[in-house]
Each structure stands twice: as structure tokens, then as C-alpha cells.
Amino acid sequence: MIQYQNEHLTVFQSELFQTTSTVVQTKEMVLIVDPNWLSNEVKAIQDYVHTIKGDRDTYLLFTHGDFDHIIGYQAFPDAKTIGSFGLQNHPKKEHKLQLIREFDAKNYIVRNYPIEFPKLDIVIHEDGQQLCLGDTIMTFYQAPGHTADGLITIIEPLGVMIPGDYLSDFELPFIYQSAKAYSQTLDKIKSMFDAHSIHLLVPGHGQATAESGEMKRRVDMASDYLNRLCQAVLTNNEHALDALSKEHAFLSTFTEACHKENVSIIRSEYC
Ligand SMILES: [Zn+2]
């Protein structure tokens with residue numbers, strides 16, 4: 001379904017995990033971000049891009065290599081792909097593909113395209129690296145913490161920020177890589193808000209927002225949660241840890257496992 005739409009941008013939202021797929025169109029190009037999850041949902045994005053594309057080039061941006069975000073790669077075989085150096089050198093490519101195959105097999109899903117790990121045409125090596133297409137400027141920042149290969153993209157002059165799996169309206173931080181790096185990425189995001197004027201934030205999971213107060217609330221929510229979680233781990237406060245595990249939205253064995261992973265990463269980094 002379409003969650004948000006304006007003249008330049010359409011945000012599709014999957015039924016699964018409120019995962020977003022963003023399509024941005026400018027005079028020069030059509031950019032597709034993380035097309036996902038289900039076959040009919042990816043097909044709807046394919047159809048939409050086919051309808052609007054005209055003779056513009058298409059670009060396919062990956063925010064990171066988690067399997068839900070790369071699942072639609074080969075649905076757009078003509079697009080020029082963009083991702084981080086970390087994604088290009090992902091240490092567990094075959095494992096990610098196995099997760100997609102397992103997901104499709106378990107749910108009897110048939111796709112009209114093959115499953116492959118993204119091969120990148122444009123590799124982002126450093127913070128502030130830019131891609132200019134006519135009047136459109138994309139600025140990229142490394143965003144480790146959730147995963148090592150995270151990439152945040154700012155599209156100007158539209159003022160769109162695409163942070164991947166940061167700054168959800170409801171999902172608390174899932175630290176799959178490093179709590180320290182996660183906090184540094186949140187600090188980096190604050191300086192991006194100072195350096196760029198952001199008019200729309202589209203997270204990987206949850207609602208897009210055009211409100212600067214809401215963008216700030218999301219940074220504060222993530223920082224506050226991480227600080228309290230670190231504190232609880234360092235003081236071995238079981239009661240506080242239990243309460244923190246219940247702050248996740250949509251409580252399930254999945255959120256419980258993510259909480260345990262968060263705690264174990266913090267323990268290994270700080271204790
Ligand atoms: Zn995700």
C-alpha cells in the first residue's frame with residue numbers, strides 16, 4: 001500500500017514489519033530504495049516505476065544488507081545500484097540469501113525474478129560523498145551500529161532523508177553490530193540536521209514525517225533508550241532490563257530475541 005505520496009516521492013509500505021520502499025522521481029532520474037517484501041508488493045513497485053519512468057535512468061539504493069532490504073534487488077535489473085563499501089564487502093552474503101530463500105519457501109512465495117545479493121555500480125566509501133544528477137544532489141553518510149554496512153542518504157534540494165533502519169516512529173534500536181557505533185550514528189544524524197535542511201524523513205520501518213519536532217523526538221527516543229539500556233547492563237539491574245525489554249512495540253519472541261542481542265552486544269562492548 002502507499003503510505004505517503006507527494007509530487008516527487010511515493011512511500012510504499014509492506015504488510016510485514018511496516019517496512020518501507022521509497023520511490024523518488026526528479027527531472028533526471030527515478031530512485032528506488034529497498035524494494036520489499038512480498039512478491040505482489042514488489043510487483044506493485046515494479047508496475048509503478050514502469051508507469052512513471054519514461055526515458056529517465058533508474059537507480060536502486062540499498063540502505064543496508066539485511067535480507068528484508070535487499071529482497072527485491074533483481075526486480076529492477078536495469079537500475080544502477082548504490083550502496084556502502086560495507087555492503088559491497090558484506091561478510092555474510094550467502095547467509096542473507098539463505099534467509100530470503102527460507103522466508104520464501106516457508107511461505108510458499110513465488111517471485112518473478114531471481115534472488116541475488118546486490119552487486120554495486122556506485123560504492124559509497126566516505127561520509128559526505130555525493131552523487132549529482134542534474135539539479136539533484138544525493139549526499140551519503142556511513143551509518144554503522146544497527147549493521148556495519150548502514151548508509152544514510154540525503155536528497156537535495158528536495159530535503160529528503162532516508163536513514164535506513166534508524167529513526168522509526170515506533171521501533172526502538174535493534175543493535176545488530178555495535179551500541180557505540182549506534183550512538184555515534186545518532187550524533188552524526190544530529191549534525192546532518194544542522195548541515196542540511198530536511199523536509200521529509202522516511203525510515204525503513206514505520207511512518208514518514210515532515211515535522212522537524214517529530215524527527216528530533218525520534219533521535220531522542222533512540223538515544224534515551226540506548227543510554228538507559230547501557231546503564232541497566234553496567235549496573236546489572238535485572239528489573240530495569242526486564243522493563244526495557246517490554247518497551248518494544250509489538251512484543252513477541254522476535255523483540256525478546258532482539259532485546260537479548262542488544263544486551264549481549266552492550267555487555268561485550270562495555271563490560
Ligand atoms: Zn529492516
Side-chain angles (χ1 to χ4, degrees), residues 1 3-4 11-23 31-39 41-42 45 60-73 75 81-84 86-87 90-93 95-104 106-107 109 115 117-118 124 140-153 160-179 181-182 185-186 189 201-209 218-219 221-222 225-226 248-262 265:
M1 70 161 196
Q3 177 211 104
Y4 180 96
V11 180
F12 293 84
Q13 182 184 310
S14 172
E15 285 295 319
L16 301 178
F17 296 88
Q18 298 188 29
T19 317
T20 64
S21 305
T22 302
V23 178
L31 174 75
I32 308 143
V33 186
D34 292 354
N36 69 77
W37 266 83
L38 301 172
S39 52
E41 293 175 332
V42 175
I45 301 165
L60 182 55
L61 168 69
F62 298 103
T63 61
H64 61 300
D66 279 351
F67 85 96
D68 48 331
H69 296 262
I70 59 165
I71 200 164
Y73 164 49
T81 50
I82 309 170
S84 70
L87 182 71
H90 199 290
K92 290 181 162 180
K93 290 182 183 177
H95 172 66
K96 296 294 176 190
L97 295 179
Q98 198 46 45
L99 292 173
I100 296 175
R101 291 187 203 110
E102 173 72 12
F103 171 80
D104 283 354
K106 256 164 77 180
N107 294 290
I109 288 176
I115 295 302
F117 198 91
I124 307 306
F140 304 97
Y141 295 90
Q142 315 285 352
H146 170 64
T147 58
D149 61 351
L151 187 67
I152 294 177
T153 302
V160 175
M161 176 189 272
I162 300 189
D165 280 3
Y166 299 92
L167 308 189
S168 169
D169 55 327
F170 69 90
E171 189 183 71
L172 291 172
F174 291 152
I175 312 161
Y176 297 161
Q177 184 223 351
S178 159
Y182 203 114
T185 290
L186 291 174
I189 288 171
L201 166 75
V202 188
H205 300 268
Q207 293 295 307
T209 180
R218 296 183 190 188
V219 178
M221 177 176 82
Y225 164 82
L226 283 182
H248 288 280
F250 302 98
L251 287 177
S252 68
T253 50
F254 170 69
T255 58
E256 186 53 37
C258 290
H259 170 75
K260 288 207 172 100
E261 175 80 356
N262 283 356
I265 289 174

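This one's a predicted model, so the numbers in the text were calculated from it and none came from an experiment. Each ligand, and each atom within it, is numbered from 1 in the order the structure gives. Starting from 1, each residue takes its place in the sequence as its number.
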Query - For Asp165, all residues meeting salt bridge (charged side-chain N to carboxylate O under 4.0 Å, His left out), sequence neighbours excluded - result: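 Asp165 satisfies salt bridge (charged side-chain N to carboxylate O under 4.0 Å, His left out) with no other residue.
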
**Report entry** Partner residues of Lys260 under the salt bridge (charged side-chain N to carboxylate O under 4.0 Å, His left out) criterion, sequence neighbours left out
**Finding:**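 Checked Lys260 against salt bridge (charged side-chain N to carboxylate O under 4.0 Å, His left out); matches are Glu256.
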
Query raised in the report: Is the distance from the Zn ion (ligand 1) to some N, O or S atom of Asp66 under 2.8 Å?
Result: no

Query raised in the report: Do we see a donor-acceptor contact under 3.5 Å between the side chains of Asp169 and His205?
Result: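 Distance-only check fails for Asp169 and His205.
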
Query raised in the report: Going by atom types alone, do Glu41 and Ser14 pair a side-chain donor with an acceptor below 3.5 Å?
Result: yes

Query raised in the report: Do you know which N/O/S atom name in Asp165 is closest to the Zn ion (ligand 1)?
Result: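 Sorting the N, O and S atoms of Asp165 by distance to the Zn ion (ligand 1) puts OD2 first.
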
Query raised in the report: What's the NE2-the Zn ion (ligand 1)-NE2 angle here (His69, His205), rounded to 10 degrees?
Result: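 Reported to 10°, the angle equals 110°.
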
